[in-house]
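Here the structure is laid out as C-alpha coordinates; the discussion comes afterwards.
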Amino acid sequence: MSYPSGDRRIAVLEGVDCSVRAGTSLSIRGESGCGKTTLLNLLAGLETADSGTVAWEGTPIAGLGRSELARRRGRFIGLVFQSFYLIPELNAADNVLMAARLLGKIGPVERQRATELLARVGLADRAHHVPAHLSGGERQRVAVARALMNRPRVVLADEPTGNLDEATGEGVMTVLLEVCAEQQASLVVVTHNMVHAARTTEAAFLSRQHLRRDR
Ligand SMILES: Nc1ncnc2c1ncn2[C@@H]1O[C@H](COP(=O)(O)OP(=O)(O)O)[C@@H](O)[C@H]1O
Ligand SMILES: [Mg+2]
(Lines give C-alpha, C1' and ligand atoms only; values in the text may rest on other atoms or scores of the structure.)
(Ligands and ions follow the chains in the order given, each with its own letter.)
Protein backbone atom coordinates (compact mmCIF):
# COMPACT_ATOMS: atom_id res chain seq x y z
CA MET A 1 0.00 0.00 0.00
CA SER A 2 1.32 3.51 -0.70
CA TYR A 3 0.06 7.02 -0.05
CA PRO A 4 0.95 10.17 -2.00
CA SER A 5 3.30 12.48 -0.11
CA GLY A 6 4.17 15.60 -2.09
CA ASP A 7 5.53 14.35 -5.39
CA ARG A 8 6.62 11.03 -3.90
CA ARG A 9 4.72 8.13 -2.41
CA ILE A 10 5.06 6.69 1.09
CA ALA A 11 4.97 2.91 1.12
CA VAL A 12 3.28 1.16 4.02
CA LEU A 13 2.51 -2.53 4.41
CA GLU A 14 4.88 -3.55 1.65
CA GLY A 15 4.89 -7.32 1.48
CA VAL A 16 2.73 -7.67 4.59
CA ASP A 17 0.75 -10.88 4.72
CA CYS A 18 -1.88 -11.12 7.43
CA SER A 19 -4.35 -13.96 7.77
CA VAL A 20 -6.84 -14.34 10.59
CA ARG A 21 -7.86 -17.86 11.50
CA ALA A 22 -11.38 -18.54 12.66
CA GLY A 23 -11.74 -18.70 16.41
CA THR A 24 -8.49 -16.89 17.20
CA SER A 25 -7.66 -13.53 18.67
CA LEU A 26 -4.68 -11.69 17.23
CA SER A 27 -2.99 -8.67 18.77
CA ILE A 28 -0.94 -6.37 16.58
CA ARG A 29 1.65 -4.00 18.01
CA GLY A 30 3.89 -1.63 16.12
CA GLU A 31 5.31 1.87 16.14
CA SER A 32 3.12 4.85 15.46
CA GLY A 33 2.73 5.37 11.72
CA CYS A 34 3.81 1.84 10.74
CA GLY A 35 0.42 1.13 9.16
CA LYS A 36 -1.72 -0.58 11.80
CA THR A 37 -4.83 1.48 11.12
CA THR A 38 -4.24 1.17 7.38
CA LEU A 39 -4.04 -2.62 7.76
CA LEU A 40 -7.37 -2.77 9.63
CA ASN A 41 -8.99 -0.44 7.09
CA LEU A 42 -7.77 -2.69 4.27
CA LEU A 43 -9.04 -5.81 6.03
CA ALA A 44 -12.42 -4.09 6.48
CA GLY A 45 -12.53 -3.01 2.84
CA LEU A 46 -12.76 0.62 3.95
CA GLU A 47 -9.65 1.41 1.94
CA THR A 48 -8.45 -0.20 -1.26
CA ALA A 49 -4.80 -1.20 -1.63
CA ASP A 50 -2.95 -0.25 -4.78
CA SER A 51 -1.52 -3.77 -4.85
CA GLY A 52 -2.25 -7.05 -3.12
CA THR A 53 -5.47 -8.83 -2.22
CA VAL A 54 -7.94 -8.91 0.64
CA ALA A 55 -10.20 -11.95 0.89
CA TRP A 56 -13.05 -12.65 3.30
CA GLU A 57 -13.44 -16.38 3.84
CA GLY A 58 -11.67 -16.96 0.56
CA THR A 59 -13.63 -14.42 -1.48
CA PRO A 60 -11.51 -11.54 -2.80
CA ILE A 61 -13.38 -8.34 -2.01
CA ALA A 62 -11.89 -6.34 -4.90
CA GLY A 63 -14.53 -7.56 -7.33
CA LEU A 64 -17.50 -6.59 -5.15
CA GLY A 65 -19.42 -3.45 -6.01
CA ARG A 66 -19.69 -0.64 -3.48
CA SER A 67 -23.11 -1.50 -2.10
CA GLU A 68 -22.48 -5.26 -2.09
CA LEU A 69 -19.21 -4.64 -0.23
CA ALA A 70 -21.00 -2.47 2.35
CA ARG A 71 -23.74 -5.08 2.81
CA ARG A 72 -21.23 -7.90 3.28
CA ARG A 73 -19.05 -5.82 5.58
CA GLY A 74 -22.08 -5.13 7.78
CA ARG A 75 -22.55 -8.84 8.29
CA PHE A 76 -18.98 -10.08 8.23
CA ILE A 77 -17.07 -7.48 10.22
CA GLY A 78 -17.56 -5.61 13.47
CA LEU A 79 -15.50 -2.51 14.12
CA VAL A 80 -14.32 -0.92 17.37
CA PHE A 81 -12.42 2.37 17.27
CA GLN A 82 -10.23 4.24 19.74
CA SER A 83 -12.69 7.15 19.96
CA PHE A 84 -15.83 4.99 20.20
CA TYR A 85 -17.73 6.74 17.34
CA LEU A 86 -21.16 6.42 18.92
CA ILE A 87 -24.01 8.54 17.60
CA PRO A 88 -24.46 11.26 20.25
CA GLU A 89 -28.23 11.64 19.76
CA LEU A 90 -28.97 7.93 20.22
CA ASN A 91 -29.09 6.06 23.50
CA ALA A 92 -26.93 2.98 24.10
CA ALA A 93 -29.57 0.50 22.89
CA ASP A 94 -30.22 2.46 19.70
CA ASN A 95 -26.49 2.78 19.04
CA VAL A 96 -26.19 -1.01 19.23
CA LEU A 97 -29.27 -1.42 17.01
CA MET A 98 -27.77 0.92 14.44
CA ALA A 99 -25.61 -1.96 13.18
CA ALA A 100 -28.78 -3.95 12.39
CA ARG A 101 -30.53 -0.93 10.94
CA LEU A 102 -27.74 -0.56 8.38
CA LEU A 103 -28.69 -4.03 7.12
CA GLY A 104 -32.37 -3.11 7.10
CA LYS A 105 -33.11 -5.62 9.86
CA ILE A 106 -34.74 -4.10 12.87
CA GLY A 107 -37.52 -5.78 14.80
CA PRO A 108 -38.23 -7.46 18.12
CA VAL A 109 -35.52 -10.07 17.57
CA GLU A 110 -32.89 -7.42 16.99
CA ARG A 111 -34.11 -5.33 19.94
CA GLN A 112 -33.89 -8.37 22.17
CA ARG A 113 -30.37 -9.14 20.97
CA ALA A 114 -29.25 -5.54 21.55
CA THR A 115 -30.63 -5.70 25.09
CA GLU A 116 -28.87 -8.99 25.75
CA LEU A 117 -25.56 -7.75 24.37
CA LEU A 118 -25.73 -4.61 26.49
CA ALA A 119 -26.39 -6.75 29.54
CA ARG A 120 -23.46 -8.99 28.58
CA VAL A 121 -21.05 -6.05 28.47
CA GLY A 122 -22.30 -4.93 31.88
CA LEU A 123 -24.66 -2.14 30.82
CA ALA A 124 -28.11 -3.58 31.55
CA ASP A 125 -29.04 -0.44 33.47
CA ARG A 126 -27.52 2.00 30.94
CA ALA A 127 -29.51 1.07 27.82
CA HIS A 128 -31.40 4.38 27.76
CA HIS A 129 -28.43 6.62 28.43
CA VAL A 130 -26.98 8.75 25.62
CA PRO A 131 -23.18 8.63 25.18
CA ALA A 132 -22.71 12.00 26.93
CA HIS A 133 -24.11 10.42 30.10
CA LEU A 134 -21.78 7.42 29.94
CA SER A 135 -18.14 7.13 31.03
CA GLY A 136 -15.41 6.36 28.50
CA GLY A 137 -15.30 2.71 29.50
CA GLU A 138 -19.09 2.45 29.24
CA ARG A 139 -19.05 4.05 25.80
CA GLN A 140 -16.49 1.54 24.59
CA ARG A 141 -18.60 -1.31 25.97
CA VAL A 142 -21.53 0.00 23.93
CA ALA A 143 -19.23 0.01 20.89
CA VAL A 144 -18.25 -3.61 21.63
CA ALA A 145 -21.94 -4.61 21.80
CA ARG A 146 -22.59 -2.76 18.53
CA ALA A 147 -19.64 -4.48 16.84
CA LEU A 148 -21.14 -7.89 17.73
CA MET A 149 -24.78 -7.05 16.93
CA ASN A 150 -24.83 -8.63 13.46
CA ARG A 151 -22.97 -11.78 14.55
CA PRO A 152 -19.81 -10.88 12.58
CA ARG A 153 -17.15 -13.50 11.89
CA VAL A 154 -14.40 -10.99 12.64
CA VAL A 155 -14.10 -8.00 14.97
CA LEU A 156 -11.41 -5.44 14.15
CA ALA A 157 -10.49 -3.18 17.08
CA ASP A 158 -8.11 -0.24 16.58
CA GLU A 159 -6.50 0.71 19.92
CA PRO A 160 -9.82 0.19 21.72
CA THR A 161 -8.31 1.06 25.11
CA GLY A 162 -6.19 3.95 23.83
CA ASN A 163 -8.44 6.62 25.37
CA LEU A 164 -9.06 4.81 28.64
CA ASP A 165 -7.19 4.68 31.91
CA GLU A 166 -5.42 1.44 32.77
CA ALA A 167 -8.08 -0.17 34.99
CA THR A 168 -10.94 0.80 32.66
CA GLY A 169 -9.00 -0.38 29.61
CA GLU A 170 -8.33 -3.68 31.34
CA GLY A 171 -12.07 -4.20 31.87
CA VAL A 172 -12.92 -3.30 28.28
CA MET A 173 -10.25 -5.67 26.99
CA THR A 174 -11.66 -8.47 29.13
CA VAL A 175 -15.17 -7.88 27.80
CA LEU A 176 -13.92 -7.66 24.22
CA LEU A 177 -11.97 -10.95 24.45
CA GLU A 178 -14.73 -12.81 26.26
CA VAL A 179 -17.66 -11.65 24.14
CA CYS A 180 -15.84 -12.26 20.85
CA ALA A 181 -14.99 -15.80 22.01
CA GLU A 182 -18.57 -16.47 23.16
CA GLN A 183 -20.03 -15.12 19.92
CA GLN A 184 -17.48 -17.06 17.85
CA ALA A 185 -16.03 -13.96 16.25
CA SER A 186 -12.31 -13.82 15.54
CA LEU A 187 -10.66 -10.73 16.94
CA VAL A 188 -7.88 -8.54 15.58
CA VAL A 189 -6.87 -5.93 18.11
CA VAL A 190 -4.28 -3.22 17.67
CA THR A 191 -2.77 -2.28 21.01
CA HIS A 192 0.32 -0.67 22.50
CA ASN A 193 -0.33 -2.38 25.79
CA MET A 194 1.93 -5.40 26.34
CA VAL A 195 -0.36 -6.82 29.01
CA HIS A 196 -3.34 -6.72 26.64
CA ALA A 197 -1.27 -8.11 23.79
CA ALA A 198 -0.30 -11.05 25.99
CA ARG A 199 -3.96 -12.03 26.44
CA THR A 200 -4.74 -12.88 22.79
CA THR A 201 -4.22 -16.37 21.37
CA GLU A 202 -1.86 -14.98 18.70
CA ALA A 203 0.40 -11.96 18.59
CA ALA A 204 2.21 -10.06 15.86
CA PHE A 205 4.44 -7.03 15.49
CA LEU A 206 3.99 -4.82 12.43
CA SER A 207 6.70 -2.78 10.76
CA ARG A 208 6.49 -1.04 7.40
CA GLN A 209 7.90 -4.06 5.63
CA HIS A 210 6.40 -7.03 7.35
CA LEU A 211 4.17 -8.54 9.97
CA ARG A 212 6.21 -10.67 12.34
CA ARG A 213 4.30 -13.38 14.17
CA ASP A 214 5.36 -13.68 17.80
CA ARG A 215 2.95 -16.52 18.52
N1 LIG B 1 -5.12 8.90 3.98
C2 LIG B 1 -3.79 9.00 4.05
N3 LIG B 1 -3.10 9.79 3.18
C4 LIG B 1 -1.76 9.87 3.22
N5 LIG B 1 -0.99 9.20 4.11
C6 LIG B 1 -1.61 8.41 4.99
C7 LIG B 1 -3.03 8.27 5.02
N8 LIG B 1 -3.37 7.40 6.01
C9 LIG B 1 -2.20 7.05 6.58
N10 LIG B 1 -1.15 7.62 5.97
C11 LIG B 1 0.28 7.43 6.29
O12 LIG B 1 0.53 6.03 6.29
C13 LIG B 1 1.34 5.65 7.38
C14 LIG B 1 0.61 4.65 8.26
O15 LIG B 1 -0.48 5.26 8.94
P16 LIG B 1 -1.43 4.47 9.95
O17 LIG B 1 -1.94 3.27 9.28
O18 LIG B 1 -2.43 5.44 10.48
O19 LIG B 1 -0.39 4.05 11.08
P20 LIG B 1 -0.61 3.57 12.60
O21 LIG B 1 -2.06 3.26 12.77
O22 LIG B 1 0.27 2.35 12.72
O23 LIG B 1 -0.14 4.67 13.49
C24 LIG B 1 1.72 6.95 8.09
O25 LIG B 1 2.96 7.37 7.58
C26 LIG B 1 0.62 7.89 7.69
O27 LIG B 1 1.06 9.23 7.70
MG1 LIG C 1 -3.48 3.94 14.05
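Since the model is a prediction, treat every value here as computed from it, not as a measurement.
With a 6.0 Å radius and a threshold of 12 heavy atoms from other residues, nucleotides or ligands, Arg199 has its CZ atom above the threshold. The number of heavy-atom neighbours closer than 6.0 Å to CD of Glu166, taken from other residues, nucleotides and ligands shown, is 12 or below. Within 6.0 Å of NE2 on His192 lie more than 12 heavy atoms contributed by other residues, nucleotides or ligands.
Glu170 has its side chain within reach of His196: a pair of non-hydrogen atoms, C-beta onward, lies under 4.5 Å apart. Leu26 is listed as a side-chain neighbour of Cys18, based on a closest heavy-atom distance under 4.5 Å. The closest side-chain heavy-atom distance from Leu123 to His129 is not below 4.5 Å. By the 4.5 Å heavy-atom criterion applied to side chains, Ile106 and Leu97 are counted as neighbours. Between Leu211 and Leu13, the closest side-chain pair of non-hydrogen atoms is not below 4.5 Å. Counting only heavy atoms from C-beta outward, the side chains of Leu177 and Leu187 approach each other to under 4.5 Å. With contacts defined as side-chain heavy-atom distances shorter than 4.5 Å, the pair Arg73/Leu69 qualifies. Looking at heavy atoms from C-beta onward, Pro131 lies in side-chain contact with Asn95 at the 4.5 angstrom threshold.
With values rounded to the nearest 0.5 angstrom, Met1 atom CE is found 5.5 Å from Asp50 atom CG. Atom-to-atom distance recorded for Asp158:CG and Leu79:CG is 9.5 Å, nearest 0.5 angstrom. Note that CD1 of Ile87 and CG of Asp94 are 9.5 Å apart. Values are rounded to the nearest 0.5 Å. Taken from CD in Gln184 to CZ in Arg151, the straight-line distance is 10.0 Å, to the nearest 0.5 Å. Annotation: the span from Tyr85 atom OH to Arg146 atom CZ amounts to 10.5 Å, rounded to 0.5 Å. In this structure, Met173 CE and Asn193 CG are separated by 8.0 Å, a value rounded to the nearest 0.5 Å.
Although no hydrogens or angles enter the test, the distance criterion places a donor-acceptor pair under 3.5 Å between the side chain of Ser25 and the main chain of Thr201. Between the side chain of Thr191 and the main chain of Ala197, no donor-acceptor pair closer than 3.5 Å is present. Side chain of Asn150 to main chain of Ala99: a donor-acceptor pair is present (N/O by atom type, distance under 3.5 Å, no hydrogens or angles). Gln140 places a side-chain N or O within 3.5 Å of a backbone atom of Pro160 that can act as its donor or acceptor partner. A side-chain donor-acceptor contact under 3.5 Å links Lys36 to the backbone of Gly30. Using a distance-only test at 3.5 Å, with no hydrogens or angles considered, a donor-acceptor pair links the side chain of Arg139 to the main chain of Leu134. Of the possible donor and acceptor atoms, none in the side chain of Gln112 sits under 3.5 Å from a partner among the backbone N and O of Val109. Not a single donor-acceptor pair under 3.5 Å links the side chain of Ser2 to the backbone N or O of Ile10. For Arg29 (side chain) and Ala203 (main-chain N/O), no donor-acceptor pair under 3.5 Å exists by modelled atom type. Between the side chain of Thr161 and the backbone N or O of Gly169 there is no donor-acceptor pair closer than 3.5 Å.
The two residues Pro152 and Phe76 come nearest to each other via the heavy atoms CB-O, 3.4 Å. The shortest non-hydrogen separation linking Arg213 to Ser19 is NH2-O, 2.6 Å. Taking both residues in full, the closest heavy atoms of Ala185 and Val155 are given as CB-CG2, 4.1 Å, listed atom of the first, atom of the second, then distance. When all heavy atoms of Arg141 and Val172 are compared, the pair lying nearest together is NH2-N, 4.2 Å. Residues Val54 and Leu42 approach most closely at CG2-O, 3.6 Å, considering heavy atoms. Listed here is the closest heavy atom pair of Ala143 and Phe84: CB-O, 4.1 Å.
Between Glu57 and Arg72 there is no salt bridge, since none of the side-chain N atoms of the basic residue sits less than 4.0 Å from a carboxylate O of the acidic one. Arg120 and Glu178 are joined by a salt bridge, as a carboxylate oxygen and a charged side-chain nitrogen come within less than 4.0 angstrom of each other. Looking at Glu116 and Arg113, no side-chain N of the basic residue comes within less than 4.0 Å of a carboxylate O on the acidic one, giving no salt bridge.
By the rule that hydrophobic residues join a cluster once side-chain heavy atoms approach within less than 4.5 Å of another member, Val195 and Val189 end up as members of separate clusters. Under the 4.5 Å side-chain heavy-atom criterion for ILVMFWY residues, no single connected hydrophobic cluster contains both Met98 and Val144. Taking hydrophobic clusters as Ile, Leu, Val, Met, Phe, Trp and Tyr residues chained together by side-chain heavy-atom distances below 4.5 Å, Val80 does not share a cluster with Leu39. Residues Leu40 and Leu176 fall into different hydrophobic clusters, defined by Ile, Leu, Val, Met, Phe, Trp and Tyr side chains chained together at heavy-atom separations under 4.5 Å. Under the 4.5 Å side-chain contact rule for hydrophobic residues, Leu148 and Val190 do not share a cluster.
Applying the salt bridge (charged side-chain N to carboxylate O under 4.0 Å, His left out) rule to Arg66 yields no partners; only residues at least two apart in sequence or on another chain are considered.
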So Glu110 and Met149, side chain to side chain contact (heavy atoms under 4.5 Å, CB included) or not? Walk me through it.
CA-CA 8 Å; Glu110 285 74 28; Met149 178 66 210; 3.7 Å; yes
